Protein chains: 2
Amino acid sequence: MQQSAGQPSRDAARLVVEHVEPSVDGGRFPVKRVVGDVVQASAVIFADGHEQLAAELRWRAIDEDAWFAARMTQGENDRWEGEFALARMGRHEFVVQAWLDRFGGFQRDFGKKVDAGVDQPVDRAEGMEMVRKAAARSKGDLGKQLKNQLAAMESADADAATEWLRSDGLRRLMDEADDRSHALTSAPQPVDAERVEAGFSSWYEIFPRSMTPNPERHGTFADVVDHLPRIRAMGFDTLYFPPIHPIGTANRKGPNNTLTPEEGDPGSPYAIGSPEGGHDAIHPELGTFEDFDRLVKAAADHGLEIALDFAIQASPDHPWLKEHPGWFAWLPDGSMKYAENPPKKYQDIVNVDFYGPDAVPGLWEALRDVILLWVEHGVKTFRVDNPHTKPLPFWEWMIGDVRARHPEVIFLSEAFTRPTMMYQLAKVGFSQSYTYFTWRDRKQELIDYITELTSEAPKDFYRPHFFVNTPDINPFFLQTGGRPAHRIRAVLAATLSGLWGVYSGFELCDATPLGAGKEEYLDSEKYEIRVRDWNAPGNIIDDVTRLNRLRRANPALQTHLNTRFYVAHDDNVIWYGKPAPSADGTLREMIMVMVNMDPHGAHACDYEVPLWEFGLHDQAAIDVEDLVHGHRFQWHGKIQHIHLAPDEPYRIWRLTRGGEGA
Amino acid sequence: MQQSAGQPSRDAARLVVEHVEPSVDGGRFPVKRVVGDVVQASAVIFADGHEQLAAELRWRAIDEDAWFAARMTQGENDRWEGEFALARMGRHEFVVQAWLDRFGGFQRDFGKKVDAGVDQPVDRAEGMEMVRKAAARSKGDLGKQLKNQLAAMESADADAATEWLRSDGLRRLMDEADDRSHALTSAPQPVDAERVEAGFSSWYEIFPRSMTPNPERHGTFADVVDHLPRIRAMGFDTLYFPPIHPIGTANRKGPNNTLTPEEGDPGSPYAIGSPEGGHDAIHPELGTFEDFDRLVKAAADHGLEIALDFAIQASPDHPWLKEHPGWFAWLPDGSMKYAENPPKKYQDIVNVDFYGPDAVPGLWEALRDVILLWVEHGVKTFRVDNPHTKPLPFWEWMIGDVRARHPEVIFLSEAFTRPTMMYQLAKVGFSQSYTYFTWRDRKQELIDYITELTSEAPKDFYRPHFFVNTPDINPFFLQTGGRPAHRIRAVLAATLSGLWGVYSGFELCDATPLGAGKEEYLDSEKYEIRVRDWNAPGNIIDDVTRLNRLRRANPALQTHLNTRFYVAHDDNVIWYGKPAPSADGTLREMIMVMVNMDPHGAHACDYEVPLWEFGLHDQAAIDVEDLVHGHRFQWHGKIQHIHLAPDEPYRIWRLTRGGEGA
C-alpha cells in the first residue's frame with residue numbers, strides 16, 4: 001500500500017505555470033539587476049483541453065502593497081512573455097498569474113463560426129449568458145455597463161448582437177469582470193535593483209600608507225587626497241583600500257611575509273586590532289575619523305568613491321579577544337589556532353567562531369554594526385576578504401540586513417575556491433565576485449569561461465569582477481610577459497566585463513615575483529611601505545586611461561552579458577563583439593575587440609566580420625571606426641585579415657551599419 | 001527600505017545540499033523505476049571553510065517508518081554519490097543528509113601532523129576532548145565503550161594515545177555518537193517502483209468483435225480465446241482492447257466515420273453507454289462478466305494480460321446523463337456540445353464536465369470506481385484515451401488513489417499534443433506514454449528524439465511506448481512503403497524502446513488508407529467488424545516473432561535509456577547499440593542494430609564498430625553473432641561496410657569482447 005492520495009479537490013491547480021524566468025533557484029534567492037533595467041520575464045503555461053488561456057505579469061517593490069500588472073503574450077509553444085522596468089533601487093518581486101480565459105475562448109470560437117457562417121442562436125445565447133453572469137457578480141460602474149450592454153444585445157437583432165459579442169469593447173469589460181477561472185499564481189521571484197555601480201565600475205586599489213612621498217614617513221589619508229587627481233585622470237571611479245584599522249603587534253610579519261620583523265616594520269594591515277581598537281577604529285598613523293571623512297568628501301568631489309576591505313579576523317591583540325572570549329574557539333590549553341588558508345599561513349591572525357557560545361547574535365550583530373559604522377562615514381562599497389571561510393547564513397543575514405537599511409551598499413566577494421561556493425556566495429547576497437579570470441590566459445579557456453558566465457545559471461546572480469592583479473596575485477602571465485602582457489590583460493578585463501580592477505603598480509608593469517614559481521609580489525605592500533614612481537617609463541597609463549574612457553562612453557562595454565565571440569583563425573587571437581543596446585532589439589552598432597593573447601610573438605590570421613548580425617550579406621560593406629587611433633574606414637566582405645605584433649597587441653573598433661552600401 | 005532580514009539564527013542552514021538526483025521537479029513528482037532497479041543517487045554538497053563533510057543516503061518504502069541509511073562517497077568536485085535497490089513494488093522516498101564531520105576532520109588533520117612529525121600535545125588533547133564530549137552525550141553500551149576508550153588513552157603514553165586517536169575503531173564509535181553538527185536534510189524525493197511491465201512489455205491491439213470467424217456474426221470474448229495461441233506465438237505479452245462497453249445509438253457512426261449508419265452497423269466502441277449500461281458494463285454482444293473473467297484467466301494461462309481502454313466520454317445514451325446531469329456542461333438551450341479533438345469531430349460522443357456542479361467528488365470518484373471494478377476483474381493495465389483533454393489534478397488524484405490500493409496497476413497515456421503536456425501527464429502519474437515515434441521516420445529526427453528522451457529531464461519520468469500504428473494512425477510511411485516499411489518500423493520500435501505496440505493488421509502489412517492524404521485506415525474497425533486472413537501472404541509475422549523473442553532474451557533490449565548512436569555514413573542508415581547491463585559497469589556485450597530507413601532503395605555505406613566502448617583499439621577484432629540468421633564471425637577493425645536492400649532492411653548483431661584477440 002502506498003500513501004493515500006487524499007480526496008478529490010476543486011482547488012488543486014488545474015493549470016501549469018513552470019520555468020518562470022528570470023529565477024534563481026525557483027525564487028529562493030534574488031535575481032540581480034540594476035536600476036533602469038527592464039526585466040524580461042517569461043513562463044511556460046498550459047492546461048488540459050483546448051480552452052484559451054490568459055496570463056498576467058505582476059510586480060512591485062517589496063515595500064509597497066500595490067502590484068503593477070500587465071498582460072503577457074504567448075510566444076513559441078507554451079512560453080508566455082512580459083516585461084517590467086525597475087524604476088528605483090531595492091528589492092522587488094514578480095509573479096506570473098495564469099487562468100482560463102473563458103470569454104476570450106468564446107470570442108475565438110464564436111468568431112470562427114460566424115466567419116464560416118455556421119453560428120447558431122445557441123452560440124449567441126452562450127455568450128450572453130457569460131455576460132449576464134459577469135454583470136451579476138460586478139459592482140458599481142462596471143456592473144452597470146455590463147447590464148446595459150446585455151440589455152442592448154437582448155433587444156438588438158441577431159447581426160447587431162453578434163457584432164457586440166465579438167467587440168473589443170465587450171472584451172475589455174469582460175476582462176475586468178473576469179473571475180479568472182482556475183487562476184494559478186507562481187511563487188514570487190525576488191529581484192534586486194541595485195545602483196548602476198553594482199554592475200559597472202572600474203576599481204583601483206592602493207595601500208594608503210604607501211601614498212607618502214617620503215619612504216621614511218607612514219602615509220596618511222591626507223597623502224591619499226594628493227593622489228586623487230592622478231587616479232581619476234586614469235578614469236577609475238572606485239578607490240579601494242585594504243584594511244585601515246589598527247595593526248596588532250603579536251606575531252607581526254616582517255617584509256616579504258617573514259616571521260622576524262624589525263623595529264619599525266608596519267605589519268600586515270590584515271592583522272586587525274590592537275589596544276588602539278579593532279574593526280571600528282582607524283590605524284592612528286593613517287589619521288583620524290575626521291581625516292577619513294575629509295578624504296571621502298575629496299574623493300567624491302573627484303568622482304571617486306572609497307571602497308573598504310572587510311576582513312573578519314583578528315590580531316591576537318584585537319580587543320574582542322578579551323571583551324568577548326565567547327566569540328572565539330579556544331583550544332583545551334587556552335590557546336588559539338592561528339588562521340590558515342592552505343597553503344597560506346597567517347600566524348599574525350586568529351579567526352572568530354561564528355557559532356561560539358556568545359556568537360549568535362552578539363558577534364554577528366557586532367560585525368553588521370562595523371559595516372553600518374563605515375556606511376555612516378560614507379563608504380558604500382565593501383570588498384570582503386575570504387567570505388567562503390565564513391558561514392553562508394551569516395552573509396545572507398548580514399548583507400540582507402544592511403541592504404534593507406541601505407540598498408545602495410555593494411559587497412564584493414573575494415572568494416577563490418570551487419565554483420559551487422563562489423556561486424552560492426553570490427546567491428546569498430554579494431553583488432560582485434572575484435573570478436578565475438586572473439588565471440584564464442588562453443583563448444579557448446577564456447571563451448569557455450565567459451560563455452558559462454553569460455549563458456548558464458550564473459548570468460542572473462553572479463557579476464564577475466575582473467581584477468588583472470591583486471596584492472596576493474601576481475599572475476605568471478604578467479611576470480613573464482612584460483609590458484605586452486599587461487596591455488593584453490588590461491584590454492581583456494576592461495572590455496569583457498562591466499567590472500574591472502587594477503591593483504596599483506600594474507599600470508607601471510611592476511610584476512617582480514617573490515621568487516621563481518611564486519605567484520606573489522616581491523617586497524609586497526602587505527608587509528611594508530612602498531613608494532613608487534608613478535610616471536616610471538614603460539608604464540601603460542595611456543592604455544588604462546583609454547580603456548576607462550571607452551567604457552564610460554559606450555554602454556556596450558558596461559556588462560559581460562552581451563559578449564559574443566567570433567571566428568579568428570589563430571589560437572592566440574581572440575575576437576569578440578559587444579552590441580550596443582537598442583530599444584527595438586535591432587543591432588545597429590557593435591564594439592569589436594581583437595587581442596593577440598601571446599605577449600611574446602606576432603600573429604596574423606583571417607577573421608570573420610559578423611556582417612550577418614547586422615542583416616548584411618557576406619560581400620557587404622560596413623563602417624568601421626578605430627577607437628584607439630580614431631580613424632574611420634570600411635570593411636568590404638566578411639573575411640578580413642589582421643597582423644597583431646606584441647607592441648600593438650589589440651584593436652578596438654566600432655562597427656556601424658551605414659545608410660548606404662548595406 | 002527593503003524587507004527586514006530578521007534576526008541572526010544558529011539554525012539557518014550552514015551547509016548546502018542541492019542538485020539532488022534523480023529528482024522530478026525537486027521532489028514534486030515521483031521518479032519512475034521498476035522493482036529490482038538500483039537507484040543511483042547523488043547531490044552537490046558543500047559548506048564554508050575547510051571542515052570535513054559527511055553525507056548519508058536514507059531511503060524507505062513510504063508505508064514504513066524506518067529508514068535505511070548508507071554513507072555517500074565524494075566524487076568529482078562537490079558531488080556525493082550513493083545507491084539503493086528497490087526491493088518491492090510501491091512508492092519509496094529518499095533524502096540526502098549532510099553534516100560537518102568534526103571527528104573525521106580531526107583525524108584527517110591530526111594524521112597529517114603526526115605523519116609530518118609536527119603534532120603537539122594540544123592536538124591530542126583536542127581529540128580527547130571530542131571523545132569526552134561524545135561519551136558524555138552517549139547512553140548505554142556506546143557511552144560505556146567511549147568512556148573506556150578515553151580512560152585507556154588518558155593512562156597511555158603519547159604514542160599509544162596517538163594510535164588510538166587515529167584508529168578506525170574509534171572512528172566508528174565516534175560516528176555512532178556523532179551529534180551531526182549543522183546537519184541538513186534534503187527535501188524527500190519520491191520514487192515509484194512499478195512492476196517490470198511498466199517499463200518492458202510488447203502490446204498487441206485487437207477489436208474483440210472482429211475476432212469472429214464469421215463476418216455475419218459479432219465476435220465475442222470466447223472468440224478472442226481462440227486467438228490467444230496465435231498472439232502469444234508472436235511473443236506479445238499484453239493484449240489491448242478498445243472499449244468493450246455498451247455502444248450508444250444516438251448519432252451512431254456508420255462505416256468509414258459516416259454519419260448515415262444502416263441497420264446492423266455496430267457503431268464506434270468509443271460511443272460509450274446505452275440503456276444497457278456505461279463504463280461499468282459490457283457490450284452484450286461481446287459476452288457477460290463471466291465470459292470476460294474466463295478470457296482474462298485464459299489469457300493469463302498463455303502469459304498474456306488484458307489491457308483495457310479508459311475513454312472518459314459518453315454517448316448521449318449513457319445512463320450518467322440522466323442520473324447525474326450535474327456531471328455535464330449543458331448549453332443554455334438544454335442541449336450539449338458533442339466532442340471535438342480538432343480537426344476530428346465525434347458527433348456520437350459528449351464530454352463530462354470535471355468541474356460541473358456535482359462533479360467533485362461525485363464524477364471523479366465514479367471514474368475511479370470504474371477502474372477499481374475492472375481491476376477486480378483482473379485488468380491491471382489501462383490505456384487512457386486523450387488524457388490531455390481532462391484535468392491534470394484529476395489524473396494525479398485518480399492514479400494516485402488507484403495505485404495506493406493496487407501498485408501493480410499501469411496507466412498508458414494516449415496524448416498526442418505538445419511536449420509540455422505529454423510530459424506533465426507522465427509526471428502526474430502515467431507509467432507509459434504514447435510518443436511522436438509514429439511520425440519520426442527520418443534518421444536524424446529519430447536520433448534527436450531518442451537523445452531527448454534518454455538524456456534530458458524526461459528520462460526519469462517519461463516511458464515512451466512506441467506504437468508502430470493505431471486504429472487512428474495509419475502512418476504515411478507504412479501506406480507508401482509496403483512490406484519493407486513495416487519491417488523497418490517494427491525493428492525500430494522493438495529495439496529502441498522497452499515498450500512497443502502493434503495494432504493488429506500491421507503484421508499483415510495492411511495499410512490501405514481511407515483516401516489520399518488521409519492518415520486513417522480504410523474500412524476502419526472503429527466503425528465496422530473486420531475479419532482478416534491472419535496468414536495472408538506477405539505478412540511479417542516472422543519478423544515480429546523474432547523481435548519479441550530477442551527482446552525477451554536480452555535485457556539490453558528492454559529499455560530505451562541505454563541507446564547509443566554510432567556513425568554510419570549514409571543519411572538513411574541508422575546504427576545504434578544497446579549495452580547489456582553488467583554488475584561492475586564494464587561493457588562486455590552490446591546488441592547492435594542497423595536499419596536502412598529507406599523502404600524504396602538499397603543503401604551501402606561504411607560504419608564505425610564501437611570497439612572503443614569495449615576498450616579495444618581501432619584494429620582489434622571483436623566477436624559478432626548475427627541474431628537474425630544465427631551465424632558467428634569476427635570483425636577486424638573499426639571501419640566496416642554494409643549493403644542493405646529493402647528486402648532485408650535490418651541487421652541485429654550481438655558484439656562480445658572475446659577472451660583472445662582483444
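Residue numbers start from 1 in every chain, and the chains themselves are labelled A, B, ... in the order their sequence lines are given, proteins ahead of strands. Computed from a prediction, not measured in an experiment: that's the story for all the values here.
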Can you tell which part of B:Arg10 gets under 4.5 Å to a heavy atom of chain A, answering side chain, backbone, both or neither?
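For B:Arg10, backbone and side chain are both near chain A.
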One pair to check against salt bridge (charged side-chain N to carboxylate O under 4.0 Å, His left out): B:Lys113 and B:Asp109. What are the steps and the verdict?
CA-CA 6 Å; B:Lys113 288 183 184 177; B:Asp109 298 340; over 6 Å; no
Part of [X] lying under 4.5 Å from any heavy atom of chain B:
| X | answer |
| --- | --- |
| A:Ala47 | backbone |
| A:Thr417 | neither |
| A:Arg14 | both |
| A:Ala13 | backbone |
| A:Val360 | both |
| A:His182 | side chain |

Where do [X] and [Y] come nearest, in terms of heavy atoms and distance?
| X | Y | result |
| --- | --- | --- |
| B:Arg124 | B:Ala161 | CD-CB, 4.0 Å |
| B:Pro407 | B:Gly90 | CB-CA, 4.1 Å |
| B:Leu15 | B:Leu184 | O-CD2, 3.1 Å |

Let's test your reading of the structure: which of [options] forms the most heavy-atom pairs below 4.5 Å with chain B?
| options | result |
| --- | --- |
| A:Pro393, A:Pro361, A:Gly49 | A:Pro393 |
| A:Thr420, A:Asn351, A:Asp333 | A:Thr420 |
| A:Leu425, A:Asp48, A:Asn77 | A:Asp48 |
| A:Met128, A:His92, A:Lys337, A:Glu51 | A:Lys337 |

Below 4.0 angstrom, N of the basic side chain to O of the carboxylate: do A:Asp179 and A:Lys133 qualify?
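The answer is no: the pair does not qualify as a salt bridge.
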Check: A:Asn386 main-chain N/O paired with A:Lys390 side-chain donor or acceptor under 3.5 Å:
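Confirmed, A:Lys390 side chain pairs with A:Asn386 backbone.
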Let's go through B:Lys427 and A:Glu18 carefully: what are the C-alpha distance in whole Å and the side-chain angles of both, what is the deciding distance for salt bridge (charged side-chain N to carboxylate O under 4.0 Å, His left out) to 0.1 Å, and is it a yes or a no?
CA-CA 13 Å; B:Lys427 287 180 184 176; A:Glu18 61 180 15; 3.8 Å; yes
Chain A contacts, top residue of [options] (heavy-atom pairs, under 4.5 Å):
| options | result |
| --- | --- |
| B:Gln424, B:Glu365, B:Glu129 | B:Gln424 |
| B:Ala12, B:Ala125, B:Pro391 | B:Pro391 |
| B:His19, B:Arg368, B:Arg418 | B:Arg418 |

If the plane angle is over 60° it's perpendicular, under 30° parallel, otherwise tilted; pick one for A:Trp397 and A:Trp364.
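Ring orientation, 0 to 90° scale: tilted.
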Should the ring pair B:Phe354 and B:Phe394 be called parallel, tilted or perpendicular, given that the plane angle runs from 0 to 90° and is split at 30 and 60?
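B:Phe354 vs B:Phe394 ring planes: tilted.
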